[in-house]
Amino acid sequence: MLMVIRFFALATSVASVHLLDGLAFAALVFGALIGLLAVRFYWLALPAAGLANLSNLIYAESTGAGKMEGALGRFPVEFPVFLVLTVLGFLLGIWARHVLYARSQRSAAQSAKTLPPDDKIED
């Protein structure tokens with residue numbers, strides 16, 4: 001149980017570093033696009049793996065002491081972090097798709113109310 005808590009704390013600190021360097025926003029955007037375009041959810045692994053690999057390339061030569069600096073650039077740590085971020089973006093994209101659908105239905109219903117009936121249309 002302690003290992004799970006430590007890994008969660010480490011993953012949270014890694015995610016906060018990626019929020020600062022901008023890679024987390026790319027994961028959120030890719031996930032939101034996948035959710036908005038109604039692509040199957042298993043495609044979330046592709047941007048997560050790509051961003052984890054990119055993070056591995058960026059932080060491969062990181063220097064410093066401690067677990068935080070050691071975790072940056074490690075694929076087994078980075079991949080779950082980016083997978084969670086892309087899933088959050090996916091949920092945001094699904095929510096945006098439902099909001100857009102509801103707005104289009106509401107505007108279609110309002111435009112149907114404002115149109116005159118067919119028998120009163122004059123040529």
Side-chain angles (χ1 to χ4, degrees):
M1 184 67 185
L2 184 61
M3 291 295 289
V4 172
I5 293 171
R6 289 178 69 191
F7 183 78
F8 181 72
L10 184 64
T12 304
S13 61
V14 167
S16 66
V17 167
H18 289 308
L19 282 171
L20 292 174
D21 68 9
L23 286 176
F25 296 112
L28 289 171
V29 166
F30 282 134
L33 282 175
I34 290 172
L36 186 64
L37 298 175
V39 180
R40 300 280 184 205
F41 71 93
Y42 50 80
W43 282 96
L44 292 174
L46 187 65
L51 288 169
N53 191 21
L54 180 64
S55 172
N56 190 6
L57 293 173
I58 290 173
Y59 291 106
E61 301 295 325
S62 63
T63 59
K67 293 179 182 174
M68 181 62 201
E69 285 80 11
L72 286 172
R74 302 281 184 231
F75 190 80
V77 175
E78 299 281 353
F79 182 67
V81 169
F82 282 113
L83 194 60
V84 166
L85 289 171
T86 53
V87 166
L88 288 175
F90 182 73
L91 294 174
L92 181 69
I94 289 174
W95 175 76
R97 185 177 55 196
H98 285 290
V99 167
L100 290 173
Y101 178 74
R103 282 187 182 175
S104 68
Q105 292 298 320
R106 190 177 334 129
S107 66
Q110 286 182 357
S111 65
K113 286 181 183 178
T114 59
L115 289 176
D118 290 336
D119 58 347
K120 292 185 179 181
I121 295 177
E122 297 177 12
D123 291 321

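It should be emphasised that the depicted structure is a prediction, and the values quoted were computed from it without experimental measurement. Every heavy atom of this structure was used, including side-chain atoms; hydrogens, water molecules and symmetry mates were not.
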Mind jotting down which residue pairs meet the ring-ring contact (aromatic ring centres under 6.0 Å, His included) criterion with at least one end in residues 35-58? Sequence neighbours excluded, please. none
Main-chain N/O of L37 paired to R97 side chain as donor or acceptor, under 3.5 Å: no
Among L10, I5, T12, which residue satisfies the side chain to side chain contact (heavy atoms under 4.5 Å, CB included) criterion with F8? T12
Hydrophobic cluster membership, with links at side-chain heavy-atom distances under 4.5 Å among I/L/V/M/F/W/Y: are W95 and L91 in one? no
If you take all heavy atoms of P76 and P80, which pair is closest and at what distance? O-CD, 3.1 Å
Please say yes or no: joined through hydrophobic side-chain contacts below 4.5 Å, possibly via intermediate residues, are F75 and L54 part of one cluster? no
Check for a donor-acceptor pair, side chain of S55 on one end and backbone N or O of L51 on the other, with a separation under 3.5 Å. no
Hey, does E78 have a side-chain heavy atom less than 4.5 Å from the side chain of V14? yes
Applying side chain to side chain contact (heavy atoms under 4.5 Å, CB included) between F90 and each of I94, L88, L92, report the one that passes. I94
Could you grab the distance from atom CZ of F82 to atom OG1 of T86, nearest 0.5 Å is fine? 9.5 Å
Please tabulate, for the side chains in residues 21-34, all donor-acceptor contacts under 3.5 angstrom to protein atoms that are two or more places apart in sequence or on a different chain.
{"from": "D21", "atom 1": "OD1", "to": "L23", "atom 2": "N", "distance (Å)": "3.1"}
{"from": "D21", "atom 1": "OD2", "to": "H18", "atom 2": "ND1", "distance (Å)": "3.2"}
{"from": "D21", "atom 1": "OD2", "to": "Y59", "atom 2": "OH", "distance (Å)": "2.6"}

